[in-house]
Protein chains: 2
Amino acid sequence: MSLVTDAADKPTLYKRIRADIEKRILTGEWPPGHRIPFEHELVARYGCSRMTVNKALSELAQADLIERRRRAGSFVRRPQHMSAVLKIADIRAEITALGRAYGYELIGRKLRAATAADRDRLGVKKAGKVVAITCRHSADNVPFAVEDRLIDLSSVPDAATADFSREPPGSWLLHHVPWTEAEHTISAIVADDHTADALAIAVGAPCLVIDRYTWRSARTITAVRLLYPGDSHRLVARFKGG
Amino acid sequence: MSLVTDAADKPTLYKRIRADIEKRILTGEWPPGHRIPFEHELVARYGCSRMTVNKALSELAQADLIERRRRAGSFVRRPQHMSAVLKIADIRAEITALGRAYGYELIGRKLRAATAADRDRLGVKKAGKVVAITCRHSADNVPFAVEDRLIDLSSVPDAATADFSREPPGSWLLHHVPWTEAEHTISAIVADDHTADALAIAVGAPCLVIDRYTWRSARTITAVRLLYPGDSHRLVARFKGG
DNA sequence: TACGATTATATGTCTAGACATATAAGTCAA
DNA sequence: TTGACTTATATGTCTAGACATATAATCGTA
């Protein structure tokens with residue numbers, strides 16, 4: 001079997017080279033640790049210039065599929081840690097993607113000077129104003145998740161006057177504060193009286209909890225806790241790479 | 001302010017160009033939708049050849065930070081959906097990373113012809129042999145997670161003779177079957193008698209559940225269910241991008 | 001044998017061009 | 001006004017070189 005596919009040059013050359021190598025790695029023909037042909041060998045094999053194979057190999061290296069070492073060559077990477085790309089979509093998008101009717105209801109909204117608990121939750125030192133929002137998302141009129149959010153107004157002053165009775169704060173923030181970073185913590189709890197009531201489930205029923213803390217270049221933006229009925233909701237993540 | 005940093009050329013030129021642009025995007029100086037200077041403008045600004053700025057821009061495009069459109073130019077991408085990279089490490093690695101002593105205990109191991117339930121769980125049609133493994137991971141001698149796993153022997157025949165009394169099946173598989181794909185489902189349950197006993201928690205306590213289904217180029221490898229005490233375990237994911 | 005200096009080599013980066021191609025924008029006719 | 005045609009242009013890909021640099025391998029020496 002030759003490295004060169006005899007298919008017509010439908011995609012570009014460097015993409016064909018990249019795909020050829022990627023296939024060999026993914027099928028296990030070239031196992032972890034295997035040395036990939038040197039650039040000059042690939043140049044000879046594909047009859048192209050070195051920049052072209054270099055581009056293919058560079059992209060494979062950027063995708064962590066191979067490791068390149070000077071003087072030694074390029075090697076199939078040994079899979080290290082499983083990493084799953086967990087897409088945490090806008091809840092509205094998530095529900096409509098399931099083909100269900102999205103419903104939103106603002107339960108409470110308070111503008112206040114940050115309490116000690118607020119500051120702790122947002123991870124900020126200085127006093128300032130915050131908006132605290134409680135709301136509920138539903139799918140086909142069945143409670144889907146309850147949201148308890150705190151927004152730091154010193155970072156997002158516009159949030160003080162935003163109308164959260166129609167638009168969920170998550171969507172609003174997504175459109176007003178781009179390129180944030182966040183940290184998610186996922187855990188499980190059992191529903192207390194208050195939660196059970198909000199989600200219309202039994203007290204003691206399992207709930208999935210997502211705590212998300214969002215910032216933007218060292219400035220705290222928001223902290224949110226999402227509670228899902230544990231037996232009905234699923235977080236699904238596909239991942240690739242051993 | 002000039003695009004060109006006056007810092008000495010410590011990193012390479014294309015990396016400086018990439019970093020310059022990335023900084024402007026991440027700080028919001030160039031908001032989503034903003035058009036990045038044309039390649040020929042960057043060529044003039046940095047005094048280099050087009051291939052060099054092209055490499056910088058190509059990498060930014062590969063990282064989904066910008067979008068490149070022929071004839072139109074390059075634009076800062078509008079953040080679409082939040083995606084979190086959830087690193088699901090080997091449990092042993094996870095525990096030792098926390099500075100705690102890792103403990104492993106094989107509870108049960110059965111080699112059998114696949115039952116209907118097994119086939120359903122693995123998503124395979126044909127009959128075949130499987131290994132069913134139950135084991136427990138502990139941190140500082142406290143139960144950390146219980147694992148209930150099924151391995152398809154038609155895909156991984158070596159698993160029939162592997163010694164899982166010392167090495168956890170997850171680690172073993174990671175070293176014997178690289179480059180897999182998987183799907184995770186995360187949910188919450190409350191502990192039943194059996195689970196409570198295995199995790200040394202109270203019946204009715206919350207548990208975090210991770211179901212992972214792993215395959216390799218259309219061949220089923222393994223299905224595993226991991227149960228964590230919901231109040232003690234956290235899945236943490238950092239992510240970037242609005 | 002062990003260690004330090006030298007050399008060979010694969011990758012890393014870069015240039016100054018070239019042609020291809022998709023497409024935004026402008027032009028012109030129905 | 002609308003639709004079809006043309007043109008200008010930014011990106012996409014590629015070449016045939018070049019020098020830089022880290023380092024594996026070799027060689028020489030203590």
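Letters A, B, ... are given to chains in the order of the sequence lines, protein chains preceding strands, and every chain is numbered from 1. None of the values given here were measured: they were computed from a predicted structure.
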Can you tell if the side chain of [X] reaches within under 4.5 Å of the side chain of [Y], non-hydrogen atoms only?
X	Y	result
B/R68	B/E39	yes
B/V177	B/T214	no
A/W215	A/E183	yes

(request) Could you tell me which residues satisfy side-chain hydrogen bond (donor to acceptor under 3.5 Å, both in side chains) with B/E105, sequence neighbours excluded, listed by chain and number? (result) B/R136
(request) Have a look at the helix from C/dT1-D/dA30 to C/dA30-D/dT1 and give the angle its two end axes make, five pairs each, rounded to 10 degrees. (result) 20°
(message) Rounded at 0.5 Å granularity, tell me how far NZ in A/K55 sits from OG in B/S58.
(response) 4.5 Å
(request) With rounding to the nearest 0.5 Å, note down the distance linking OG in B/S74 to CG in B/L42. (result) 8.5 Å
(request) Starting from the 5' end of DNA chain C, give me the residue, A/N54 or B/R69, whose nearest nucleotide shows up first. (result) A/N54
(message) Once you apply a heavy-atom cut-off of 4.0 Å, does A/S74 come out as touching a base, just sugar-phosphate, or nothing?
(response) sugar-phosphate
(request) Pick base, sugar-phosphate or nothing for B/L57, based on heavy-atom distances below 4.0 Å to the nucleic acid. (result) nothing
(message) Any donor-acceptor pair, under 3.5 Å, between the side chain of A/R71 and the base of C/dA8, if you only look at N and O atoms?
(response) yes
(request) Could you check A/E29, A/K23, A/E22 and say which one makes a side chain to side chain contact (heavy atoms under 4.5 Å, CB included) with A/L26? (result) A/E22
(message) Check whether B/Y46 reaches the backbone of B/Y14 with its side chain - one donor and one acceptor, N or O, closer than 3.5 Å.
(response) no
(message) Students should find this one: the first and last nucleotides of DNA chain D, 5' to 3', lying under 4.0 Å from a heavy atom of chain B. What are they?
(response) D/dA8 to D/dC14
(message) Both B/H40 and A/R70 contact DNA chain D. Which one's nearest nucleotide lies toward the 5' end?
(response) B/H40
